[in-house]
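For reference, the structure discussed in these notes is given below.
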Amino acid sequence: MASKAGPSAKQQQQLQAQYSNYKNALQQLAQKIGDVEQEAEEHKLVLDTLDPLPGDRKCFRMINGVLVERTVEDVVPALKTNAEGLKQVLEELVKQYKTKQDDLEKWKKKNNVQIVQS
């Protein structure tokens, strides 16, 4: 007549560690998503500012910490390329986040984990 008890203390610690790892990974991905969104918004703002200007007008661009003088027509294509790249990175990060979140939910169901917040 053995009754099934809850997980042992060691198992409980392992489950807590795994849960913490999932939560940390999700938090890091969310931070990266926020950073990329902010960078993309800055690119959009600059493109919106440069759009109405004539192509031969001079402007400045920061490249690897060095401020260089260029013309609007030189800078706009590079900014558009960078903005598109950021958009793709953002989409990939969102996919990774959703996948990790789904993995966490599957793991919680598999291990019958219920989160108790105090």
Side-chain angles (χ1 to χ4, degrees):
M1 292 212 345
S3 64
K4 188 174 182 184
S8 68
K10 186 175 182 179
Q11 287 174 323
Q12 220 170 13
Q13 286 177 342
Q14 288 174 339
L15 290 174
Q16 285 175 342
Q18 288 174 331
Y19 178 74
S20 293
N21 288 340
Y22 274 116
K23 292 304 271 186
N24 287 340
L26 285 171
Q27 192 173 19
Q28 287 173 347
L29 279 171
Q31 179 67 41
K32 286 180 188 175
I33 288 170
D35 293 345
V36 171
E37 282 177 338
Q38 183 178 1
E39 186 110 2
E41 187 60 35
E42 288 174 7
H43 275 68
K44 181 183 178 302
L45 183 64
V46 171
L47 283 168
D48 289 347
T49 302
L50 293 178
D51 198 32
L53 300 177
D56 61 345
R57 182 165 175 178
K58 95 174 142 175
C59 64
F60 295 90
R61 180 172 182 217
M62 183 78 70
I63 301 175
N64 293 331
V66 178
L67 195 61
V68 294
E69 183 178 331
R70 299 276 189 253
T71 62
V72 171
E73 67 185 26
D74 293 338
V75 170
V76 169
L79 281 174
K80 286 183 179 178
T81 302
N82 287 354
E84 284 300 314
L86 287 171
K87 193 176 182 181
Q88 291 173 351
V89 168
L90 184 61
E91 289 172 1
E92 186 61 35
L93 285 173
V94 168
K95 284 181 190 174
Q96 288 178 15
Y97 185 87
K98 288 180 180 177
T99 302
K100 190 60 112 172
Q101 207 169 25
D102 290 343
D103 290 347
L104 174 61
E105 290 304 316
K106 289 176 188 171
W107 176 83
K108 283 165 58 174
K109 285 182 182 175
K110 176 184 169 200
N111 293 293
N112 197 21
V113 173
Q114 293 179 348
I115 308 305
V116 179
Q117 297 184 356
S118 52

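On a predicted model such as this, the values are computed, not experimentally measured, just so you know.
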With rounding to the nearest 0.5 Å, note down the distance linking [atom1] in [X] to [atom2] in [Y].
| X | Y | atom1 | atom2 | answer |
| --- | --- | --- | --- | --- |
| Q101 | Y22 | CD | OH | 12.5 Å |
| K80 | N82 | NZ | CG | 13.0 Å |
| L26 | Q28 | CG | CD | 9.5 Å |
| N24 | L29 | CG | CG | 11.0 Å |
| W107 | N21 | CH2 | CG | 9.5 Å |
| I33 | Q96 | CD1 | CD | 8.5 Å |

Atom CD of Q27: over 12 foreign heavy atoms under 6.0 Å: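 No.
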
T71-D74 side chain donor-acceptor pair, cut-off 3.5 Å: yes

Hydrophobic cluster identity match, Y19 and Y97, side-chain contacts under 4.5 Å: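 Yes, one cluster joins them.
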
Cluster check V68, F60: I/L/V/M/F/W/Y, side chain < 4.5 angstrom: no

Does the side chain of [Y] come within less than 4.5 Å of [X]'s, by heavy atoms?
| X | Y | answer |
| --- | --- | --- |
| L86 | E37 | no |
| K108 | L104 | yes |
| D48 | V46 | no |
| K87 | V89 | no |
| L79 | L50 | yes |

Side-chain donor/acceptor of Q11 to backbone N/O of S8, under 3.5 Å: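 Yes; judged by distance alone, with no hydrogens or angles, the pair exists.
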
Main-chain N/O of L47 paired with D51 side-chain donor or acceptor, under 3.5 Å: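 Flag not set: sc D51 to bb L47 has no pair under 3.5 Å.
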
A83 to H43 - nearest heavy-atom pair and separation: N-CD2, 4.0 Å

